[in-house]
Amino acid sequence: MKLAARAGRIVPSPTLRLMAVAKALIAQGVDVVDFASGEPDFDTPDPVKAEAEAAIRSGFTKYTASSGIDELKRAISDKLEAEQGLRYDPSQVLVSCGAKHTLYNLAEALLEAGDEVIIPTPFWVSYRDQVLLNDATPVLLETREAEGYAIDRAKLESCVTPRTKAIIVNSPCNPTGAIYDRAALEAIAEVALRHDLIVVSDEIYEKILYDGARHLSIAALGPEVAARTVVVNGVSKAYAMTGWRIGYGAGPKELITAMANIQSQSTSNPSSISQKAAVAALRSGDAFTRQMVGEFDRRRRLIVERLNKMPGISCRMPAGAFYAFPNVAGLFGRRSDRGAIATAADLADYFLKEARVAVVPGEPFGSAAHLRLSYATSVEAIRRGLDRMEAALDKLA
Ligand code: PMP
Ligand code: GLU
């Protein structure tokens, strides 16, 4: 069979694949500690579930407007105005089946062969493949761990060519947990304005912040920046609603309309029931999220402290999201009965087989020296997983 070339350009999502591996082993009764799953372990709040039940009972179970119900678009606009001072007409908001789908619609609406998209490394796995799927070229902008993964302005400038169409900004970042402050966002915005770039601002972890940090959307820097930015967000992380599949984009009308047209010809509307649930979530205030983040914070300190005690591993304290991203290059060259450890992928494989601990290797995030461990799991599981990793490391020659 001759498939389209684009199908051969991408790999299955490595994060979803590893989550599936961990969950399948657990389902078979294998005692695996899962640090791979990038989703809150909390249950969706009851009032959100109640709204979904009410939607089902009242027969709100049919197609909706393809781009989302007005009630949800209003809840999204109100949120963006209240929190970031951003004003969007409902025609500038598109509700999709998760933020990943929002990003996909955006890539389809914007990109074609020859276009380039700047992606700061390390990056969330799907950015690169979505660019490739749409025949465009990802241009990786390296950032350094020692500099807190800050974007170097001169390096950013050097990535821009006449074919550059967009830059992706992900703050807080999956996988590093780094956040961009106002000055960093201003520098990116200035380059975007000067070179006429679209800014894709993935803010899905905006509410998972520690040590009193506050989220600032790059679009909030001013009307010129807002006019070229698509704010991407959703309810998956802030309200523990990953399975409900509701994400959204807000931005320039022309671009949002093109994305909405693509959605109307591909998936139609996101689930009517989930949309009602998302309205309840967005209107519910921050109490649930605050409590969840308080718990993540406790786990964050525990996992980072323990990782830093392991010889050959060093780990920065993430400022946001729920991932530890330890540097494991100090272990490269070590050996076990199972073979040599030369890469992060080798080490992840070793931890899975030897310690029954699932982690995601750094390579698909654009970093060969790191592992990603989600700490959106219980303190007990974190302790058990780290004990086992320590024991496995002790066996290395
Ligand atoms: N962006 C980032 C950085 C993410 O980590 C995720 C979750 N995997 C998404 C977008 C997509 O989230 P969802 O599709 O569940 O809204
Ligand atoms: N946010 C998660 C992760 O990065 C979910 C999996 C995915 O959609 O990639 O692991």
Side-chain angles (χ1 to χ4, degrees), residues 10-23 34-42 44 68 72 76 94-107 119-131 133 149 168-180 200-209 215 217 230-250 263 267 270-271 274-275 277-278 281-282 296 318-325 348 358-367 370-377:
I10 60 157
V11 294
S13 162
T15 41
L16 291 183
R17 192 185 67 77
L18 264 154
M19 281 167 74
V21 167
K23 291 196 163 119
D34 177 10
F35 291 137
S37 291
E39 60 179 347
D41 56 321
F42 285 71
T44 301
L72 179 51
I76 292 164
L94 171 65
V95 182
S96 300
C97 309
K100 188 184 277 184
H101 185 215
T102 307
L103 290 162
Y104 184 79
N105 284 329
L106 176 51
I119 307 177
T121 68
F123 51 84
W124 178 51
V125 295
S126 291
Y127 299 145
R128 179 171 56 188
D129 285 33
Q130 289 195 353
V131 170
L133 262 179
Y149 300 107
I168 299 181
V169 177
N170 176 213
S171 179
C173 171
N174 172 9
T176 65
I179 55 179
Y180 297 143
V200 180
S201 183
D202 180 348
E203 305 181 11
I204 194 91
Y205 293 100
E206 60 155 353
K207 295 202 184 287
I208 320 246
L209 287 172
H215 178 67
S217 171
V230 180
V231 173
V232 177
N233 207 330
V235 294
S236 282
K237 315 289 171 173
Y239 303 99
M241 291 176 69
T242 47
W244 299 74
R245 310 309 303 132
I246 296 291
Y248 57 85
Q263 179 162 303
T267 61
S271 151
S274 296
Q275 289 190 70
L282 289 174
F296 286 159
F322 41 65
Y323 306 102
F325 198 57
V359 302
V360 188
E363 286 89 344
F365 301 100
S367 169
H370 296 83
L371 298 180
R372 192 194 76 173
L373 283 74
S374 163
Y375 49 86
T377 188

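Since the structure is predicted, the reported quantities are computational estimates derived from the model, not experimental observations. Whatever order the structure lists ligands and atoms in, that order sets their numbers, starting from 1.
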Just heavy atoms, cut-off under 4.0 Å: does Y127 contact ligand 1 by side chain, backbone, both, or neither? side chain
Ligand 1 to S236, heavy atom cutoff 4.0 Å, flagged ligand atoms 13 (P), 15 (O), 16 (O)
among protein heavy atoms, the one nearest atom 9 (O) of ligand 2 is T15 OG1, 2.5 Å
For S13, atoms of ligand 2 separated by under 4.0 Å from a heavy atom: 9 (O)
Consider ligand 1: state whether an atom of it lies below 4.0 angstrom from any non-hydrogen atom of G234. no
So how far is it from F123 CZ to N174 CG, rounded to the nearest 0.5 Å? 11.0 Å
So do the side chains of Y127 and D202 get within less than 4.5 Å of each other, counting heavy atoms only? yes
Under a 4.0 angstrom heavy-atom cut-off, which atoms of ligand 2 come close to G38? 1 (N), 2 (C), 3 (C), 5 (C), 10 (O)
Of all residues at least two apart in sequence or in a different chain, which pass the ring-ring contact (aromatic ring centres under 6.0 Å, His included) check with F322? Y205, F296
Any heavy atom of K100 closer to ligand 2 than 4.0 angstrom? yes
So for ligand 1, is N170 a polar contact partner (N or O within less than 3.5 Å, distance only)? no
Does S126 have a heavy atom less than 4.0 Å from any atom of ligand 2? no
Would you mind listing which atoms of ligand 2 come within a distance below 4.0 Å of any non-hydrogen atom of Y205? 1 (N)
Can you list the ligand 1 atoms lying under 4.0 Å from a non-hydrogen atom of G98? 14 (O), 16 (O)
Does ligand 1 have an atom that lies less than 4.0 angstrom from a heavy atom of I204? yes
S171 to H215 - nearest heavy-atom pair and separation: O-CE1, 3.4 Å
Any N or O on K237 sitting closer than 3.5 Å to an N or O of ligand 2? yes
Kindly give the heavy-atom pair with the smallest separation between G38 and K237, and that separation in Å. O-NZ, 3.0 Å
I need the minimum non-hydrogen distance between Q130 and A107, along with the two atoms involved. O-CB, 4.1 Å
Taking every heavy atom of I168 against every heavy atom of P120, the minimum-distance pair comes out as O-CD, 3.1 Å
Taking the side chain as every heavy atom from C-beta outward, state whether Y239 and T44 have any pair of such atoms under 4.5 Å apart. no
Check each atom of ligand 2 against the heavy atoms of Y323 and keep those under 4.0 Å away; list them by number with element. 1 (N), 2 (C), 3 (C), 4 (O)
Determine the sole option in V230, I76, N105 for which the side chain to side chain contact (heavy atoms under 4.5 Å, CB included) test with L94 is passed. N105
Against heavy atoms of L16, which atoms of ligand 2 measure under 4.0 Å? 6 (C), 7 (C), 8 (O)
Going from OG on S274 to CZ on R245, what distance comes out if it is rounded to the nearest 0.5 angstrom? 9.5 Å
Under the ring-ring contact (aromatic ring centres under 6.0 Å, His included) rule, collect the residues that match up with W244, sequence neighbours excluded. none
In this structure, atom 10 (O) of ligand 2 is nearest to the protein heavy atom R372 NH2, 2.7 Å
Polar contact flag for W124 and ligand 2 (N/O pairs, less than 3.5 Å): yes
Could you tell me the separation between the NE2 atom of H101 and the CD atom of Q263, rounded to the nearest 0.5 Å? 4.5 Å
Looking at every heavy atom in both L209 and P172, which two are closest together, and how far apart are they? CD2-CG, 3.6 Å
Which of the numbered atoms in ligand 1 are under 4.0 angstrom from any heavy atom belonging to R245? 13 (P), 14 (O), 15 (O)
Which residue holds the protein heavy atom closest to atom 1 (N) of ligand 1, what is that atom called, and what is the gap in Å? D202 OD2, 2.6 Å
Could you find the nearest protein heavy atom to atom 6 (C) of ligand 1 and give me its residue, atom name and distance? W124 CZ2, 3.6 Å
Hey, is N174 touching ligand 2 through its side chain, its backbone, both or neither, going by heavy atoms under 4.0 Å? side chain
Counting heavy atoms only, which of M19, E39, M241, K237 comes nearest to atom 7 (C) of ligand 1? K237
So, for K23 and S37, which heavy atoms are closest and what is the spacing to 0.1 Å? NZ-OG, 3.4 Å
Is there a side-chain contact between P361 and L18, using heavy atoms and a 4.5 Å cut-off? yes
Does ligand 1 have a heavy atom under 4.0 Å from the side chain of A99, from its backbone, from both, or from neither? both
With only distance considered, is Y323 within less than 3.5 Å of ligand 1 through an N or O on each side? no
For ligand 1, which atoms sit closer than 4.0 Å to a heavy atom of N174? 3 (C), 4 (C), 5 (O)
